[in-house]
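Both counts, for ligands and for their atoms, begin at 1 and track the order of listing. For clarity, every value in this text was computed on a predicted model and none was experimentally measured.
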Amino acid sequence: MRTVVAKFGGTSLADAGQIRKVADIIREDPARRIIVASAPGKRSADDIKITDLLQECYDAAVEGRDYEKVLSAINTRFQDILSELDLDILLEEEIEALRHHLEEGPEKGYVLSRGEYLNSRILAEYLDVTFVDPAWCVYFDEEGNLDTRLTRRTMEASLRPLKNAVIAGFYGADINGKIHTMNRGGSDVTGSLAASAIRADLYENWTDVSGLYAADPGIVDSPKPIEYVSYRELRTLSYMGASVLNTDAVLPVSDLDIPINIRNTNRPDDPGSMIVRKLPKGKTKYPIIGVAGRSGMSVIQIEKVRVSDGAGFSALVLDILKNRALPFEHCLTGIDSITLIIRSDLLEDCREDLLDEIRQTLAPDFIELMENLSVIVVIGEKDTESSDANIRVLWELMHAGIPIKTINQGAGKLNLLIAVSEERYREAILAIYKAIEKQKV
Ligand code: ASP
């Protein structure tokens, strides 16, 4: 029988109405056996996520401030859900346990995890299925890192025998039972681990958008949804700031070729985006699937005649960055030049210092720092030559009169990187989107 692990995010489970929608989705397909739940998220743009309220309680307790008002807001949110769904969970006891823990000198993992814990118990009760506490099957090592191997084994043992279950996302425990949380948005990772542990046929990730779009909807009006995207393309999109899925959620399922389907709880009939290694037979994909970008970038351009004669020069430049623990985003080399793309905020306190060190160590013929840039990545993979797609992108930029500050492409596949000034960023995205719209398979 087909098995689907379905993870529902915070907005999908923000209140009783949303939980009803989620229950309908789950009941509609019996393959949706293992459900991963987030804490209640925002009900509207100005609402506060339960995890943020829990963080407020924790901070107040640690700093000796009063947290009763926030705790009471958390209680009310859950109480409203329980009353509307006509469920009888001993919420008072749970809130009392949290209050007691806060009084005794709280542990952050425990406090922050209570949103997922309670919401998953509520969903399990509503669906009348088993609740699985990840404190017993998601493990962290002594350094606080997720122990993926142990987690997969224990999750498999816990989940496989169950016909249906709800497991809380976002947290686990170390071998002494101390609760640890993942990074924010970590329930995506729990879902991915569960799907890999039971070797599910599909990992569904239900959220509040109908998948990934070919461009930022904040810039392009109604951009095309992306039907198929590869795991690698998704990583690039996420790296560039598309935040539909936690990047750490890709690896556990991509290892086993389990596809991820991003779906919209509020529009369950939309097919969403499929994240796969290879396109299914009979499906074709456009050479360029999307465009994404990030502003707040700086470029350091270093020129010296005969730079390329030996490997030493580049190594020295990178050593300077390494010794300063200064990460760079991209490094492009030319015959007599090296270009470094670095996040501007990282240069804030060391701009002049860094340029001086490069001048003193390398005696370059020319060095320049360009600031207020945006880096745009044109995403797509094709086994064939990709210059055709590149030319279309560059043609649109030229036509829009947008100067290109730097440009680069790794070998083979399309993943074209272009830097433009921040002022022209939106125009550049709109221009490149034209190339996406005009393409034919
Ligand atoms: N509730 C957590 C957060 O707000 C984790 C999650 O939703 O995945 O980040």
Side-chain angles (χ1 to χ4, degrees), residues 5-15 18-19 21-22 34-59 70-71 73-75 77-78 81 94 98 106-124 131-135 137-138 140 144-146 148 151 155 166-173 179-196 203-209 234 238 241-253 260-266 275:
V5 169
K7 178 256 163 179
F8 292 87
T11 47
S12 301
L13 296 165
D15 59 21
Q18 290 297 92
I19 293 179
K21 281 189 202 167
V22 164
I34 304 298
I35 309 302
V36 180
S38 281
K42 292 184 176 197
R43 292 160 294 183
S44 58
D46 53 5
D47 197 13
I48 306 176
K49 292 177 176 190
I50 286 287
T51 312
D52 289 330
L53 293 176
L54 290 164
Q55 175 80 53
E56 263 185 70
C57 281
Y58 172 79
D59 291 343
V70 188
L71 197 55
I74 295 171
N75 185 35
R77 282 280 301 266
F78 282 114
I81 294 177
E94 296 292 351
L98 178 55
E107 276 171 5
K108 193 171 173 188
Y110 176 85
V111 177
L112 260 64
S113 66
R114 293 307 87 187
E116 266 71 16
Y117 167 77
L118 279 169
N119 221 23
S120 306
R121 282 195 54 193
I122 292 173
L123 183 62
F131 161 69
V132 176
D133 191 334
C137 60
V138 173
F140 290 82
N145 299 317
L146 195 66
T148 312
T151 297
M155 263 190 158
V166 175
I167 175 169
F170 185 47
Y171 71 95
I179 304 279
H180 276 271
T181 50
M182 301 169 181
N183 295 335
R184 294 299 300 268
S187 302
D188 287 346
V189 182
T190 312
S192 177
L193 287 166
S196 74
Y203 171 31
E204 286 180 345
N205 193 289
W206 291 81
T207 174
D208 53 6
V209 288
L234 177 81
S238 310
S243 61
V244 175
L245 185 78
N246 186 317
T247 347
D248 294 339
V250 176
L251 223 54
V253 283
I260 308 172
N261 188 192
I262 311 279
R263 300 284 293 268
N264 188 346
T265 300
N266 302 320
I275 303 156

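- Using a cutoff of 4.0 Å between basic side-chain nitrogens and carboxylate oxygens, Asp52 and Lys42 are not scored as salt-bridged.
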List ligand 1's nitrogen or oxygen atoms that come under 3.5 Å of a protein nitrogen or oxygen, with the partner atom and distance.
from: ligand 1; atom 1: 1 (N); to: Thr51; atom 2: OG1; distance (Å): 2.7
from: ligand 1; atom 1: 1 (N); to: Glu116; atom 2: OE2; distance (Å): 2.6
from: ligand 1; atom 1: 4 (O); to: Arg184; atom 2: NH2; distance (Å): 2.9
from: ligand 1; atom 1: 7 (O); to: Ser38; atom 2: OG; distance (Å): 3.1
from: ligand 1; atom 1: 8 (O); to: Gly186; atom 2: N; distance (Å): 3.4
from: ligand 1; atom 1: 8 (O); to: Ser187; atom 2: N; distance (Å): 3.0
from: ligand 1; atom 1: 8 (O); to: Ser187; atom 2: OG; distance (Å): 2.9
from: ligand 1; atom 1: 9 (O); to: Arg184; atom 2: NE; distance (Å): 2.7
from: ligand 1; atom 1: 9 (O); to: Gly185; atom 2: N; distance (Å): 2.8

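- Qualifying ring-ring contact (aromatic ring centres under 6.0 Å, His included) partners for Phe78, counting only residues two or more places apart in sequence or in other chains: none.
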Please tabulate, for the side chains in residues 109-123, all donor-acceptor contacts under 3.5 angstrom to protein atoms that are two or more places apart in sequence or on a different chain.
from: Ser113; atom 1: OG; to: Gly109; atom 2: O; distance (Å): 3.1
from: Ser113; atom 1: OG; to: Tyr110; atom 2: O; distance (Å): 2.8
from: Arg114; atom 1: NE; to: Tyr110; atom 2: O; distance (Å): 3.2
from: Glu116; atom 1: OE2; to: Ala39; atom 2: N; distance (Å): 2.9
from: Tyr117; atom 1: OH; to: Glu94; atom 2: OE2; distance (Å): 3.2
from: Tyr117; atom 1: OH; to: Arg121; atom 2: NH1; distance (Å): 3.1
from: Asn119; atom 1: ND2; to: Leu13; atom 2: O; distance (Å): 3.4
from: Asn119; atom 1: ND2; to: Ser38; atom 2: O; distance (Å): 2.9
from: Ser120; atom 1: OG; to: Glu116; atom 2: O; distance (Å): 2.6
from: Arg121; atom 1: NH1; to: Glu94; atom 2: OE2; distance (Å): 2.6

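- Looking at Phe170 and Arg184, their side chains come closer than 4.5 Å, going by heavy atoms from C-beta outward.
- Counting non-hydrogen atoms of other residues, nucleotides and ligands closer than 6.0 Å to NZ of Lys21 gives a total above 12.
- Partners of Thr11 according to the side-chain hydrogen bond (donor to acceptor under 3.5 Å, both in side chains) rule, which considers only residues two or more places apart in sequence or in another chain, are Asp208.
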